[in-house]
Amino acid sequence: MLDLKFIRENSDLVEKRLKTRKKDISLKELLEMDEKRRNLQGMLDEKKSQRNTINKELPKSEDKKTLIEKMKKISEEIKESEKEEIELSNKIQQILWELPNIPHESVKISYNEEDAEILSTWGKIPEYDFELKDHVDLGIEKNILDFERAAKIAGSRFALYIDKGARLERALINFMLDVQTKEHGYKEFMTPYLVNADSLFTTSNLPKFEEDLFKTQDNLYLLPTSEVTLVNIHRDEILEENDLPLKYTAYTPCFRREAGSYGKDVRGLIRTHQFNKVELVQFTTPETSYEIQQKIVEHAEEILKRLGLSYRKIALVTSDISNASIKTIDIEVWVPTQGKYREVASISNCTDFQARRGNIKYRDKEGKLKFVHTLNGSGLATSRLLPAIIETYQKKDGSIEIPEVLRKYTGFDAI
RNA sequence: GGAGAGAUGGCCGAGUGGCCGAAGGCGCUCGCCUGCUAAGCGAGUAAACGACUAAAAUUGUUUCGAGGGUUCAAAUCCCUCUCUCUCCGCCA
């Protein structure tokens, strides 16, 4: 959520920058309502002030009858105006809830996601002297993945991991958590997989993106990413500057409806309703958030390096960064059979956007309360990683080699 | 699922209709005193939204889990909801 005062005082700039995300964003209505609301509030405050004065006099007064009559009248007027004020506030709030964060000036302006800037590439694109099989064929052939039975159990876009497939997935999760906790200093959490609406409002998954979420009959939602639970750990809390940055990580499954992606990536693990992810979240001061984003990128990259997978980093353009983010860097891993890089991580700096929504503050060294900055990044999405691994490490004889670093986790070195 | 108790400031906790933004304590900050790893004394210490201001000072309003109601007036009375705790039942 943006600061209304800031919008008011910098309306032209804000509108101009927001338009770089989406052409049709306009602040006109918001500003008009804000103006109207403030006038109304001024009037209301004055009347309430009168009411309070009379209220104080009343118990001591001789002529209670006259005062009570006066109060009745004022109270009624207040009630009327208050109704209007509340209505207006609600509308303003609604607009504010839906406005995205202001893109950082370093983010390339474009309405076409293909314009993303390639920041760097790592590793050689592997070459093969035999016919490659994709992860679906490999998985079925090796009996480590089963999509037909998954469909029987749950429907399309689900996966059943079998035997070494399941163990490889679990190994990946453990490997990633170990690196992030033991080497990069993150604190590990196990979080609920069902979350309430308030939590989703904080992270900006609501109100705008409800169609992406699974909802239960108890008004709880299936977790779309553990960014939600990790960020909400400190909702409505005041942190101490000395404790920042807080570095949190969690493995959770993630559930997404994938509405509107019909026909896209229908095959295999690339786009499923349920996938596994290790998430990285940090709470920081405004002064440090920008450099910390770079660090999170490195923390995610480290996983790919050790797995020996080729990847590249790209900086998303203004229209492609997520609602809460001012700048997003994606890490994409090379998927041999697709002949292209696919997203495995997305690292965003949300500045104070989520902190404002979730009321997450910190007390600075002078004792002043400020909103923290929140950042999140995948560290990484396992279900995108596993296809890359088994495709990349397939051998001519049909076997799949397990990357060195994973072997102590899997207990086997080939499939 | 059944029965009961509760939700107040950073924390603990008092407060049952106007004098309550709210006693008292803890914590924290500043000052004094003292000389010994501490104690004592004094002062200060909520936030949000406005107005004013270069900024501050100042000032108005709001806020005692959330929402609604009664009343001239609600932390306090009534209703609904949420959450927490205890007991019983069921259960991994």
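The chains referred to below are lettered A, B, ... by the order of the sequence lines, with proteins before strands, and numbering in each begins at 1. Quick caveat, the model's predicted, so the values are computed rather than measured.
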With rounding to whole Å, what would you report as the distance between B:rG21 and B:rU63 at their C1' atoms?
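9 Å, rounded to whole Å.
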Same-atom distance (C1') from B:rA5 to B:rU61, integer angstrom:
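Result for the C1' pair: 36 Å, nearest Å.
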Tell me whether the side-chain N/O atoms of [X] come closer than 4.0 Å to OP1 or OP2 in [N].
| X | N | result |
| --- | --- | --- |
| A:Ser75 | B:rA73 | yes |
| A:Lys361 | B:rA48 | yes |
| A:Arg8 | B:rG50 | yes |
| A:Asn52 | B:rU61 | yes |
| A:Arg37 | B:rU61 | no |
| A:Arg363 | B:rG10 | no |

Using only atom types and a distance under 3.5 Å, with no angle test, would you say the side chain of A:Asp134 pairs donor to acceptor with the backbone of A:Asp137?
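Yes.
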With a non-hydrogen cut-off below 4.0 angstrom, is A:Leu369 in contact with a base, only sugar-phosphate, or nothing?
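The answer is sugar-phosphate, as A:Leu369 gets under 4.0 Å only of primed atoms, P, OP1 or OP2.
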Heavy atoms under 4.0 Å, any strand shown: does A:Lys47 hit a base, just sugar-phosphate, or nothing?
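Nothing, no nucleic acid heavy atom in range.
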Any chance you could encode RNA chain B as dot-bracket? Rule is Watson-Crick or G-U wobble with both distances under 3.5 Å; [ ] for pairs crossing earlier ones, | for another strand.
((((((((.[[[..)..(.....]]]((((((.......))))))((((((......)))))).[[[[[..)....]]]]])))))))....
Quick check for you: to the nearest 0.5 Å, what is the distance between A:Leu40 atom CG and A:Ser81 atom OG?
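One finds 6.0 Å between CG of A:Leu40 and OG of A:Ser81.
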Atom-pair distance (CD on A:Glu76; P on B:rU70), nearest Å:
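One finds 11 Å between P of B:rU70 and CD of A:Glu76, rounded.
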Give the rounded distance in Å between these two atoms: CD of A:Glu46 and C1' of B:rC49.
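Rounding to the nearest Å, CD of A:Glu46 and C1' of B:rC49 are 17 Å apart.
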Which is more 5' along RNA chain B, the nucleotide nearest A:Ile86 or the one nearest A:Lys5? Just name the residue.
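Here A:Lys5 is the residue nearer the 5' end.
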